[in-house]
Protein chains: 2
Amino acid sequence: MAALAYNFLDMTHPQIVTEQSAAEKSRHWLKYLQQRGYRLTGSRRAVVDALAEAERSLTAADLYEIGRAKHKGLGLVSVYRTLEKLEELGLVQRVHGPGGCHAYISAQDGHNHMLVCENCGRVEMFEGDDLKDFTRGLEKQSGFRIHEHWLQFFGLCADCQAA
Amino acid sequence: MAALAYNFLDMTHPQIVTEQSAAEKSRHWLKYLQQRGYRLTGSRRAVVDALAEAERSLTAADLYEIGRAKHKGLGLVSVYRTLEKLEELGLVQRVHGPGGCHAYISAQDGHNHMLVCENCGRVEMFEGDDLKDFTRGLEKQSGFRIHEHWLQFFGLCADCQAA
DNA sequence: CATATAATGAAAATGATTTTCAATATCAAC
DNA sequence: GTTGATATTGAAAATCATTTTCATTATATG
Ligand SMILES: [Mn+2]
Ligand SMILES: [Mn+2]
Ligand SMILES: [Zn+2]
Ligand SMILES: [Zn+2]
């Protein structure tokens, strides 16, 4: 296929997404779970709190360990079950990367992208890109109908560079 | 963090990467394996051929099934072992996506990006983007040192739209 | 408080991948 | 071509993450 000379990409407002507080996030998620008919339990609170407080992405095993500090009897099974529900409701999302795809982080509203620390798992979200024209161009060249895209950056956060 | 108004992204030569022939690819990979001190065996040939011929990404299980047509006694273990070596040598790469991260496709030379059919696994590679300035801007905003990025598009290929 | 039932954790089951190991195939040296 | 060192093999067992099963417990509601 021939090379075309476009200037497809236009990034108008790149912006690192600012976080709401952990407490606020936790309260919101628990209320949301309850609204959907789910019950509020110690196990759920423990997992939700751990995720809401996290600065970095966490695996089920991470959450099991952290969550047990809050709720002694927490079972790994409940971690999986809570993650499943939070993901369904769009409150958390899986983090994919070269080092693995089994960690979760709290999701932001709307479409956005991730900057991931390959050492500690810290995630910064950003948004403001506009790949509409670019997507249209790719569709024309390839014959695909495009539904979704991922734009992700990997590196070392400030802390991990220092250490 | 404050919003900045840049025009970071500059796509100068988007281009769908053209393939070399399957036979050529297979010959090249086998020679490369041999150069690195690995022996040429029926099991390896079967897996290499299956990957070199593939138009779509394949899992270990896919390769086991396809490879057994060429080499009757092929074991699933050898599929995993061959994939491991091909990945080390940069000849194949894993395809990550919303639907899973366990499929492989032959890698292209140099840095490039993927357009993946969510129905059949077909993958088109493209290159020509230039995210250097964009990356530098993100580094400045975030304090990260960025090593790598993924830009991937997901959708339906022409065939799967028709079906 | 009583009740219906959603949610729980332990244990078993599953599924993918890795390890172990004795047998075999490859390749370099003769 | 034969030989021999050893890389590679597949079967079976082991491991690891995740899911399912199930009897018990906790939650929400009246
Ligand atoms: Mn985007
Ligand atoms: Mn790129
Ligand atoms: Zn870090
Ligand atoms: Zn397709």
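Quick note on labels: first sequence line is chain A, next is B, and so on, each numbered from 1.
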- Task: Could you name each residue pair satisfying side chain to side chain donor-acceptor pair (under 3.5 Å) that touches residues 76-93 of chain A, not counting sequence neighbours?
- Result: none

- Message: According to salt bridge (charged side-chain N to carboxylate O under 4.0 Å, His left out), does anything in residues 42-53 of chain A pair up with another residue at least two apart or in another chain? List the pairs.
- Response: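 Listed by first then second residue: A:Asp49-A:Lys70, A:Glu53-A:Lys70.
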
Interatomic distance, [X] [atom1] vs [N] [atom2] [rounded to whole Å]:
{"X": "A:Arg44", "N": "C:dG9", "atom1": "CZ", "atom2": "P", "result": "10 Å"}
{"X": "A:Lys85", "N": "D:dT19", "atom1": "NZ", "atom2": "P", "result": "11 Å"}
{"X": "B:Lys72", "N": "D:dG10", "atom1": "NZ", "atom2": "P", "result": "11 Å"}
{"X": "A:Leu74", "N": "D:dA26", "atom1": "CG", "atom2": "P", "result": "15 Å"}
{"X": "B:Leu76", "N": "D:dT9", "atom1": "CG", "atom2": "C1'", "result": "13 Å"}
{"X": "A:Leu33", "N": "D:dT27", "atom1": "CG", "atom2": "P", "result": "15 Å"}
{"X": "B:Leu83", "N": "C:dT18", "atom1": "CG", "atom2": "C1'", "result": "14 Å"}

- Message: More than 12 heavy atoms of other residues, nucleotides or ligands under 6.0 Å from CD of B:Glu65: yes or no?
- Response: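 No, because the 6.0 Å sphere around CD of B:Glu65 holds 12 heavy atoms or fewer from other groups.
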
- Message: Please tell me if B:Ser43 has a side-chain N or O lying less than 4.0 Å from either OP1 or OP2 of D:dT8.
- Response: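 No, because none of the side-chain N or O atoms of B:Ser43 sits under 4.0 Å from OP1 or OP2 of D:dT8.
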
Mind listing the side-chain donor-acceptor pairs of residues 150-163 of chain B below 3.5 Å, one per line with the distance, residues two or more places apart or on another chain?
from: B:Gln161; atom 1: NE2; to: A:Gly143; atom 2: O; distance (Å): 2.8
from: B:Gln161; atom 1: NE2; to: B:Leu156; atom 2: O; distance (Å): 3.0

- Query: Within the side chain of B:Arg122, is there an N or O that forms a donor-acceptor pair under 3.5 Å with the backbone of B:Glu55?
  - Reply: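 Absent.
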
- Expected output: side-chain B:Glu139 to main-chain B:Ile146 donor-acceptor under 3.5 Å: yes

- Query: In a check of side chain to side chain contact (heavy atoms under 4.5 Å, CB included) between B:Val79 and each of B:Ile66, B:Leu63, B:Thr59, which one passes?
  - Reply: B:Leu63

- Of the nucleotides D:dG10, D:dT18, C:dT8, which one has an atom closest to the side chain of A:Ala60?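 The closest nucleotide is D:dT18.
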
N/O-N/O pairs, protein side and nucleotides 13-15 of chain D side, under 3.5 Å:
none

- Query: Do B:Leu58 and B:Arg56 come close enough that some side-chain heavy atom pair is under 4.5 Å?
  - Reply: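 Yes. Closest side-chain heavy atoms under 4.5 Å.
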
- Do B:Trp29 and B:Val92 have side chains that get closer than 4.5 Å, going by heavy atoms? yes

- Message: I need a per-nucleotide contact map over nucleotides 19-30 of chain C, read 5' to 3'. Cutoff is protein heavy atoms under 4.0 Å; write B for the base, S for backbone only, - otherwise.
- Response: BB----BBS---

- Taking it one step at a time, do B:His147 and B:His149 satisfy side-chain hydrogen bond (donor to acceptor under 3.5 Å, both in side chains)? CA-CA 7 Å; B:His147 297 136; B:His149 67 254; over 6 Å; no

- Task: For DNA chain D, find the residues of residues 62-71 of chain B with a heavy-atom distance under 4.0 Å and give them by number; none if there aren't any.
- Result: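 The answer is none.
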
- Message: Minimum heavy-atom separation for A:Leu51 and A:Tyr104, please, with both atom names.
- Response: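 Result for this residue pair: CD2-O, 4.1 Å.
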
